[in-house]
Student: 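I'd like to ask some things about the structure below.
Chain naming here is simple, since letters A, B, ... match the order of the sequence lines and numbering starts at 1 in each.
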Number of protein chains: 2
Amino acid sequence: MNQIARPPAPPPVARKSSSWTQDPEGVRRGILAVAREEFVEKGLSGARVDEIAARTATSKRMIYYYFGDKEGLYRAVLEEAYARIRNFERSLDLAGLPPREAIARLAGFTFDYHADNPDFVRLVMVENIHHARHLESSSKIGELNLSAIDMIREIYERGLAAGVFREGLDPIDIHLTISALSFYNVSNQASIRQVFGHDMAAPEARIRRRDSAIETVLRMICR
Amino acid sequence: MNQIARPPAPPPVARKSSSWTQDPEGVRRGILAVAREEFVEKGLSGARVDEIAARTATSKRMIYYYFGDKEGLYRAVLEEAYARIRNFERSLDLAGLPPREAIARLAGFTFDYHADNPDFVRLVMVENIHHARHLESSSKIGELNLSAIDMIREIYERGLAAGVFREGLDPIDIHLTISALSFYNVSNQASIRQVFGHDMAAPEARIRRRDSAIETVLRMICR
DNA sequence: GACCAATTGAACCATCCAGTACATTTTAGC
DNA sequence: GCTAAAATGTACTGGATGGTTCAATTGGTC
């Protein structure tokens with residue numbers, strides 16, 4: 001509910017005043033926001049369409065009107081989440097930095113994105129429980145692929161040329177390491193707390209883990 | 001179905017033959033095995049008690065007789081999974097190895113355990129989706145805590161004394177890094193395949209990722 | 001071979017829940 | 001203003017689902 005930047009909703013056409021006051025885009029966004037919270041909290045099968053509808057400003061009827069069925073709604077939520085992280089990745093501008101700094105900042109930003117968006121992390125968990133079937137059927141997410149991996153490849157090659165990175169590494173492997181170190185503390189936060197009594201969401205713990213992750217990635221890559 | 005080492009089921013008391021042939025322990029185990037598969041595949045809310053019952057040699061009635069309700073059954077599955085990894089950890093004998101070898105083998109074994117037991121990984125994902133509520137209510141899993149972390153602490157201190165490890169590291173941090181690098185490829189296997197077209201379960205990919213994880217852990221810890 | 005507790009079978013139930021039917025209101029174009 | 005299409009409200013349904021009832025069968029003990 002808080003990480004949705006809901007712009008002031010510029011009504012393209014004048015807004016009449018009456019009993020009803022219709023606003024399709026707003027309704028859509030409203031449904032999506034509530035749906036995301038529910039799916040993130042209870043999973044795809046755990047979430048209840050009635051519950052989502054109840055927490056919305058509109059009715060269950062509208063959910064089916066706009067999204068077809070429960071899976072369509074889930075898919076829309078998933079696509080929005082992936083679109084958002086793709087935007088985040090595109091917003092990174094690391095080309096100007098020296099390789100070592102670039103990787104460090106990429107790792108730091110990635111860590112922060114995961115820590116700041118547990119909803120995204122939990123959605124990805126849910127989707128993986130379902131064997132990523134919906135990622136498959138939905139819009140080709142392949143663009144993610146390029147942006148993230150190519151960015152790493154570019155930095156890595158610059159680092160090789162500059163002689164600061166060790167040779168023989170795979171950009172995908174680097175990406176997996178950064179992702180794993182960013183994802184795990186968030187995805188497994190609850191069980192870590194339960195088993196080790198450590199709250200990874202606490203500011204100090206998070207900062208220390210962040211530093212450790214960056215350091216680990218640098219040590220992995222640097223000569 | 002394959003990663004459960006089901007010992008030859010030594011019937012402590014003789015087995016009679018009759019129309020019915022009652023065997024509580026066997027029934028229990030049978031239910032648990034099917035239930036694990038279902039929960040792992042569909043999650044807690046996605047799994048259906050009727051479906052579990054149908055795949056069992058016995059009936060739904062027995063599930064409720066032995067486990068009370070769906071959550072009780074889930075809890076039993078969860079406890080069994082954690083008991084199993086605790087056994088695995090206890091079975092590791094690294095005290096005799098030089099520190100560097102010990103950490104490398106710990107990382108390798110941990111990686112292999114996760115890769116060989118995707119059921120465990122998926123169960124932990126499911127449990128985290130549910131905020132580890134059932135880990136909390138079930139038998140104190142705190143013993144895990146000790147065994148895993150203390151083992152690392154012991155190795156780490158030997159490594160410090162030998163001058164091969166760098167100072168200032170937290171055993172929990174080391175554990176989290178090893179776990180993250182072991183867990184992520186399995187938990188996110190489906191989305192990795194979907195987004196990057198890489199199959200982490202393929203033998204070559206797995207071996208390369210394993211080597212990379214071990215190397216990364218060593219570089220993280222060693223001076 | 002009788003008795004009791006443990007174990008099992010078959011049918012049943014109350015509720016939940018995804019999805020729909022049908023009517024109604026709103027907006028936009030003329 | 002009139003009309004068609006888009007958007008919304010209300011009420012409902014049929015099947016799925018977790019859980020239960022009641023009785024029957026078994027194994028051990030005496």
Student: What I want to check is whether the side chains of B/Glu41 and A/His131 have a donor and an acceptor closer together than 3.5 Å.
Tutor: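 Result is yes, a qualifying pair exists.
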Student: In terms of side-chain heavy atoms of B/Lys70, which of D/dG18, D/dT8, C/dT7 is nearest?
Tutor: D/dG18
Student: Could you check B/Tyr65 against A/Ser45 and say which one's nearest nucleotide on DNA chain C is further toward the 5' end?
Tutor: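 The 5'-side residue here is B/Tyr65.
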Student: Would you say a side-chain N or O of B/Thr58 is under 4.0 Å from OP1 or OP2 of C/dT8?
Tutor: no
Student: Between C1' on C/dT15 and CG on A/Asp50, what's the gap in Å once rounded to a whole number?
Tutor: 12 Å
Student: Side chains of A/Asn87 and A/Arg84: any donor to acceptor distance under 3.5 Å?
Tutor: no
Student: Nearest 0.5 Å please: distance from the CD1 atom of A/Ile63 over to the CG atom of A/Asp69.
Tutor: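 Those atoms lie 11.5 Å apart.
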Student: For the pair made of CD in A/Glu38 and P in C/dC17, what is the distance, rounded to whole Å?
Tutor: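 Roughly 11 Å, once rounded to whole Å.
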Student: At under 4.0 Å between heavy atoms, what does B/Phe67 touch on the DNA or RNA strands: base, sugar-phosphate, or nothing?
Tutor: nothing
Student: Expressed in angstrom and rounded to an integer, what is the separation of B/Ile63 atom CD1 from C/dT8 atom P?
Tutor: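 Taking CD1 of B/Ile63 and P of C/dT8, I get 12 Å after rounding.
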Student: Base, sugar-phosphate, or nothing for B/Ala57, non-hydrogen atoms under 4.0 angstrom?
Tutor: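 The residue B/Ala57 makes no contact with any strand.
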Student: Restricting to ring pair (Phe, Tyr, Trp, His ring centres under 6.0 Å), what partner residues turn up for A/His198, sequence neighbours left out?
Tutor: none
Student: Within this structure, what is the CD-to-P distance between B/Glu25 and C/dA6, rounded to whole angstrom?
Tutor: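 Answer to the nearest Å: 15 Å.
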Student: Would one find a side-chain N or O of B/Ser59 under 4.0 angstrom from OP1 or OP2 of C/dT8?
Tutor: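 For C/dT8, neither OP1 nor OP2 has a side-chain N or O of B/Ser59 closer than 4.0 Å.
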Student: For A/Ala95, is there any backbone N or O sitting under 3.5 Å from a side-chain donor or acceptor partner on A/Glu154?
Tutor: no
Student: A/Met62 CE to C/dT24 P: how many Å, rounded?
Tutor: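 Computing the A/Met62:CE to C/dT24:P distance gives 16 Å.
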Student: Within the structure, does a side-chain N or O atom of A/Tyr66 lie under 4.0 Å from either OP1 or OP2 of D/dA6?
Tutor: no
Student: Starting at CZ of A/Arg61 and ending at P of C/dT25, how long is that distance when rounded to a whole Å?
Tutor: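 A/Arg61 atom CZ is separated from C/dT25 atom P by 15 Å.
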Student: Could you please name the option among C/dT7, C/dG19, D/dG19 that lies closest to any side-chain atom of A/Tyr64?
Tutor: C/dG19
Student: Give the rounded distance in Å between these two atoms: CG of B/Leu44 and C1' of D/dT17.
Tutor: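 So the two atoms are 14 Å apart, to the nearest Å.
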Student: Please enumerate all protein N or O atoms sitting under 3.5 Å from an N or O of nucleotides 12-16 of chain D, with distances to 0.1 Å.
Tutor:
none

Student: Using a 4.0 Å heavy-atom cut-off, does A/Ala47 contact any base of the nucleic acid, only the sugar-phosphate backbone, or nothing at all?
Tutor: sugar-phosphate
Student: Let me confirm one number: the OG-CD1 distance from B/Ser179 to A/Ile192, rounded to the nearest 0.5 Å.
Tutor: 7.5 Å
Student: Consider only side-chain N and O atoms of A/Ser182 and A/Arg209, and report whether a donor and an acceptor are under 3.5 Å apart.
Tutor: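 No - no donor-acceptor pair under 3.5 Å links their side chains.
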Student: Starting at CD1 of A/Ile31 and ending at C1' of D/dT8, how long is that distance when rounded to a whole Å?
Tutor: 11 Å
